[in-house]
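Notes for the one structure printed next.
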Amino acid sequence: MHDRAGKTARPEDLIDLDALLDAYESVRPDLADPTQRVVFGTSGHRGSSLDGAFNQAHILAIAQSIAEYRSAQGVDGPLFLARDTHGLSEPAFRTTLEVLVANGVEVLIDARDGFTPTPAVSHAILTHNRADARRNPSRLADGVLITPSHNPPRDGGIKYNPPSGGPAGGEATSAIAARANQLIEGGLTEVRRVPFAQAHATAGRFDYLSAYIDDLPNVLNLDAIRNAGVRIGADPLGGAAVAYWGEIATRHRLNLTVVNDAVDPRWAFMPLDADGKIRMDCSSPSAMAGLIGMMQGGSAYDVAFGNDADADRHGIVTPDAGLMNPNHFLAAAIAYLFAHRPGWGAEVAVGKTLVSSSMIDRVVAGLGRQLLEVPVGFKHFVPGLLDGTVGFGGEESAGASFLRHDGTVWTTDKDGILLCLLAAEIQARTGESASQLYAGLTDQYGAPAYARVDAPASRAEKARLAALSPSDVSATTLAGQPIADILTKAPGNGEAIGGLKVVTADAWFAARPSGTEDVYKIYAESFLGPDHLTQVQDEAKAVVSAALAS
């Protein structure tokens, strides 16, 4: 923990915005360096212009590659283009628009020339496709989002959402990245581009804000929130939801106050995260220190919440518990929703990532519902949310979405705004906070201890970890309990998890290689208390080391 974690940033903590923007234009990536190549992770390509990892060359190539990819897939409807408040998002937005328009893509940009949350783009794609697909299947829409999500101010990001509305799958992102790197290696000679003034004049306009906000009553019980007079504090943390929360309050007549409407690409108003960096991580107690402090000592709010920079994540703060652990809120949300959504069929399942809390497993079993456990990455929930067979999909990093009242799709990407408002609905309908609801679940199912730690690993060891099979694990017990299951593929969809998960009756651990550092991540949980969790973590390292050596 950094000694200034949770304290407001000082001038020396802030990025040099001019240097960041200059590097975007002037630095040419060296593809001999793997860190400067186009690489799509679970949420697109991310990096900093200062490191040669997110520069104009990257965006020119990625935009051209996306234009070619969607054409090859027969997608010729509109492309919804949006950006968040990061400093690199504006120049990347301009570059992307220039290339897409030059390629003859029908691009729709925000009618207010403002910032757009990720869920509003997913919602726009799905709404368009639901209305037009029957009439003209080739007119399907897709989208591009310029955002590195909760990453520090020095970073930029770009991701592609196909007509399914959610994050692109590995087949698509691999093809887009490979072609982009090929274009860079070829000197970008195949990239088409028009001047920004021409591109901006050519692009169509779309009112993301109204389309999303006016549709909220079809997925949430806003009448209950309004009638109960729930007092709400909303902090967009300087992100893309900054204009949305005030409009939600006005249009739906909610007792909601935007506690901070500042937008600053340096995020000078943010408390430092646990490692001393500025990071808009609404699941971090350090980054959310301001809102947590506001809720202490006789708060004016019944519930408060924050979002990351593109509003695809949620952070829920209650007077009785402070910032809720994301796993705790997921469990509470599932328990509440499946008791208050009569329009969802009895066969509708619950989705979770394999590193999310096993409290979810116990809650789902208690509900008599099917559990769909998938690898890390929200893209794995897309098919189920799209066809309505999965009512709720959530991951431990505070990202989730769920169906409309009638059991049809709302978004297939994470929706932090939706989950924040759900916390207010829980308060309104039950008279209890989401944290009090979770406390009741622990009385029924037990109280787990959960943590993530890192362990050192070379690049070769990380590759070996990602390719393990259950037979590589020789251990038969974990922290005093027999091992019940060893997973290298997710039980929900059979996809490789890129690591290992070991399960006992009351505990589990999962080990996955980091994509950016020479470490692997150990997620672990125990229903037998913190001391047992520590034992699980210690033995997890030994189990992984033995498996890597086999």
Approximate separation, where rounding is to 0.5 Å, of [X] [atom1] and [Y] [atom2]:
X      : Y      : atom1 : atom2 : value
Thr95  : Ile59  : OG1   : CD1   : 7.0 Å
Leu323 : His328 : CG    : NE2   : 11.0 Å
Leu237 : Ile278 : CG    : CD1   : 12.0 Å
Leu330 : Leu419 : CG    : CG    : 7.5 Å
Arg512 : Tyr520 : CZ    : OH    : 14.0 Å

Taking [X] for its side chain and [Y] for its backbone only, find out whether a donor-acceptor pair lies under 3.5 Å.
X      : Y      : result
Ser299 : Gln296 : no
Asn161 : Gly143 : no
Trp245 : Asp261 : no
Thr85  : Gly238 : yes
Arg231 : Val303 : no
Asn325 : Asn327 : yes
Ser356 : Lys352 : no
Asn55  : Ala53  : yes

Going by distance alone, is a donor N or O of one side chain under 3.5 Å from an acceptor N or O of the other, for [X] and [Y]?
X      : Y      : result
Asp415 : Tyr212 : yes
Ser286 : Asp273 : no
Asn151 : Ser149 : no
Gln36  : Asp51  : no
Ser401 : Thr411 : yes
Arg154 : Ser49  : no
Asp207 : Ser210 : yes

By salt bridge (charged side-chain N to carboxylate O under 4.0 Å, His left out) - contacts of Glu12 (at least two apart): Arg10
Does this structure show an ion pair linking [X] with [Y], if we count only N-O contacts that are shorter than 4.0 Å?
X      : Y      : result
Lys521 : Asp454 : no
Glu68  : Arg192 : no
Arg139 : Glu106 : yes
Arg37  : Glu185 : yes
Arg205 : Asp110 : no

Is Arg4 atom CZ crowded by more than 12 heavy atoms from other residues, nucleotides or ligands, each under 6.0 Å away? yes
Check the pair Arg83 / Asp113 against salt bridge (charged side-chain N to carboxylate O under 4.0 Å, His left out), numbers first and verdict last. CA-CA 10 Å; Arg83 64 195 185 279; Asp113 195 28; 3.1 Å; yes
Worked check of side-chain contact (heavy atoms from CB on, under 4.5 Å) between His123 and Asp413: CA-CA 9 Å; His123 178 272; Asp413 213 327; over 6 Å; no
My understanding is that only residues two or more places apart in sequence, or in another chain, count here; which of them pass side-chain hydrogen bond (donor to acceptor under 3.5 Å, both in side chains) with Asp275? Arg279
Output all residues satisfying side-chain hydrogen bond (donor to acceptor under 3.5 Å, both in side chains) with Asp18, sequence neighbours left out; order by chain, then residue number. none
Are [X] and [Y] packed together at the side-chain level, in the sense that at least one heavy-atom pair is separated by less than 4.5 angstrom?
X      : Y      : result
Pro163 : Leu126 : no
Arg266 : Pro153 : no
His150 : Cys282 : no
Pro326 : Glu395 : no

Would you check, one step at a time, whether the test salt bridge (charged side-chain N to carboxylate O under 4.0 Å, His left out) holds for Lys277 with Asp13? CA-CA 8 Å; Lys277 295 181 179 180; Asp13 299 316; over 6 Å; no
Could you go step by step and tell me if Asp310 and Lys159 meet the side-chain contact (heavy atoms from CB on, under 4.5 Å) rule? CA-CA 12 Å; Asp310 69 324; Lys159 63 179 182 177; 4.1 Å; yes
Between Phe329 and His314, does the ring centre distance come in under 6.0 Å? yes
Quick check, are the ring centers of Phe196 and His200 under 6.0 angstrom apart? yes
Do Asp142 and Arg70 pass the salt bridge (charged side-chain N to carboxylate O under 4.0 Å, His left out) test, and can you show the C-alpha distance, the side-chain angles, and the key distance before you say yes or no? CA-CA 8 Å; Asp142 54 3; Arg70 73 191 303 268; 2.9 Å; yes
Please walk me through it: do Leu421 and Leu254 pass side-chain contact (heavy atoms from CB on, under 4.5 Å)? CA-CA 11 Å; Leu421 287 170; Leu254 303 183; 4.3 Å; yes
Could you report the tightest heavy-atom contact between Gly399 and Lys414, atom names first, then the distance? CA-CD, 3.4 Å
Which pair of non-hydrogen atoms, one from Phe305 and one from Cys420, has the smallest distance, and what is that distance? CE2-O, 3.2 Å
Parallel, tilted or perpendicular: which fits the ring planes of Phe206 and Phe80, with parallel below 30° and perpendicular above 60°? perpendicular
Among Asp312, Asn307, Ile417, find the one that has a side-chain contact (heavy atoms from CB on, under 4.5 Å) with Thr118. Asp312
Residues Phe54, His45; criterion side-chain contact (heavy atoms from CB on, under 4.5 Å); working and verdict: CA-CA 8 Å; Phe54 192 90; His45 172 78; 3.9 Å; yes
